[in-house]
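To start, the structure itself, in structure tokens.
By convention here, the first residue in the shown sequence is residue 1. Being a predicted model, the structure only gives us computed values, none of them experimental.
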Amino acid sequence: MSSIADNIGSVTRRIQKATLQAGRAPESVRLLAVSKTRSPDELREAHQSGQTAFGENYLQEALEKMEALADIADLEWHFIGPIQSNKTRQIAASFSWVHSVDRLKIARRLSEHRPENLPPLNICLQVNIDGEDTKSGCTLESLPGLVEAISELPRLSLRGLMAIPAPDQPESTLRARFRSMANALKSLKQDFPAAGPLDTLSMGMSGDLELAIAEGATWVRVGTALFGPRPPKGDQS
């Protein structure tokens with residue numbers, strides 16, 4: 001069985017190869033370790049191999065890990081799951097990044113709850129790129145209005161877009177989905193130059209990160225390829 005260190009090395013090499021093939025600098029893409037259901041010990045092992053950015057889907061689970069790993073100063077916590085209104089205060093206070101903002105109400109609450117002693121909260125707007133009924137996210141058509149409104153919120157830094165294409169699609173369809181995200185970000189940068197950095201595309205996972213990087217991903221979110229299959233429900237210690 002491969003160790004987490006071996007897996008991080010393997011995924012890092014995949015990222016480097018993909019960025020070079022795309023004519024991009026290797027440092028232009030960062031690895032976000034999707035660590036939901038993983039133990040603090042597994043995250044500590046990943047950190048010992050150089051991984052500092054971790055993505056969590058469930059607030060309470062994440063807060064427990066933050067407490068258990070409080071001795072590690074350079075961890076960077078990203079919230080990547082659906083956001084309930086009653087969780088925005090703790091999310092705004094505990095994370096450096098939120099990738100899953102999909103409506104203005106949530107953005108406003110995150111801005112209101114971001115502590116003044118912390119830098120602005122980095123956020124990405126989640127796009128429901130395939131129009132799936134069961135998936136969170138705004139539409140591509142609604143992005144300009146959202147960006148215009150969110151750009152006026154004082155405690156947020158609008159970094160870019162996030163998407164999770166439907167699985168098991170042909171490579172050509174996935175590539176088209178990723179390309180549409182890159183084109184949308186480019187248009188937003190042109191139309192709203194003062195809205196925020198707008199320098200981030202959070203897209204690509206264990207099975208399709210090469211395609212995402214080829215189309216401009218700057219964060220790839222990888223879980224299974226780093227930690228192995230998730231433990232079955234009821235055995236997520």
| query | Which residue pairs pass the salt bridge (Lys or Arg N to Asp or Glu O under 4.0 Å) test when at least one of the two sits in residues 181-194, sequence neighbours left out? | reply | none
| task | Would you mind listing the cluster partners of Ile80? Hydrophobic ones only (ILVMFWY), side-chain contacts under 4.5 Å, chaining allowed. | result | Leu32, Val34, Trp97, Trp219
| message | Can you pull out every side-chain hydrogen bond (donor to acceptor under 3.5 Å, both in side chains) where at least one residue sits in residues 154-169? Sequence neighbours excluded, please. | response | Asn122-Arg159, Asp130-Gln169, Arg159-Asp199
| Salt-bridge criterion met for Lys65 and Glu61 (N-O under 4.0 Å) | yes
| field | Shared hydrophobic cluster, Leu118 / Leu121 (ILVMFWY, side-chain heavy atoms < 4.5 Å) | value | no
| said: Salt bridge check, Arg44 against Asp71: does any charged N sit closer than 4.0 Å to a carboxylate O? | reply: yes
| query | Residues in side-chain hydrogen bond (donor to acceptor under 3.5 Å, both in side chains) with Ser35, at least two apart? | reply | Glu56
| Residues clustering with Ile164 (ILVMFWY side chains joined when closer than 4.5 Å, directly or via others) | Met162, Met205
| With Arg24 via salt bridge (charged side-chain N to carboxylate O under 4.0 Å, His left out) - residues at least two apart | none
| task | Return each pair, listed once, that meets side-chain hydrogen bond (donor to acceptor under 3.5 Å, both in side chains) where at least one residue sits in residues 11-21; pairs must be two or more places apart or across chains. | result | Arg14-Glu210
| request: Group every Ile, Leu, Val, Met, Phe, Trp and Tyr by side-chain heavy-atom contacts under 4.5 Å, then state whether Leu20 and Ile213 land in the same group. | output: no
| message | Checking Arg109 now: which residues fulfil salt bridge (charged side-chain N to carboxylate O under 4.0 Å, His left out) with it, not counting sequence neighbours? | response | none
| message | I'd like to check the ring pair (Phe, Tyr, Trp, His ring centres under 6.0 Å) partners of Phe79; sequence neighbours left out, ordered by chain and number. | response | Phe95
| request: Taking salt bridge (charged side-chain N to carboxylate O under 4.0 Å, His left out) as the test, write out the residues that go with Glu76, two or more places apart. | output: Arg30
| Listed once per pair and sorted, the salt bridge (Lys or Arg N to Asp or Glu O under 4.0 Å) pairs that draw on residues 89-105, sequence neighbours left out | none
| remark: salt bridge (charged side-chain N to carboxylate O under 4.0 Å, His left out) filter on Glu132, not counting sequence neighbours, yields Lys135
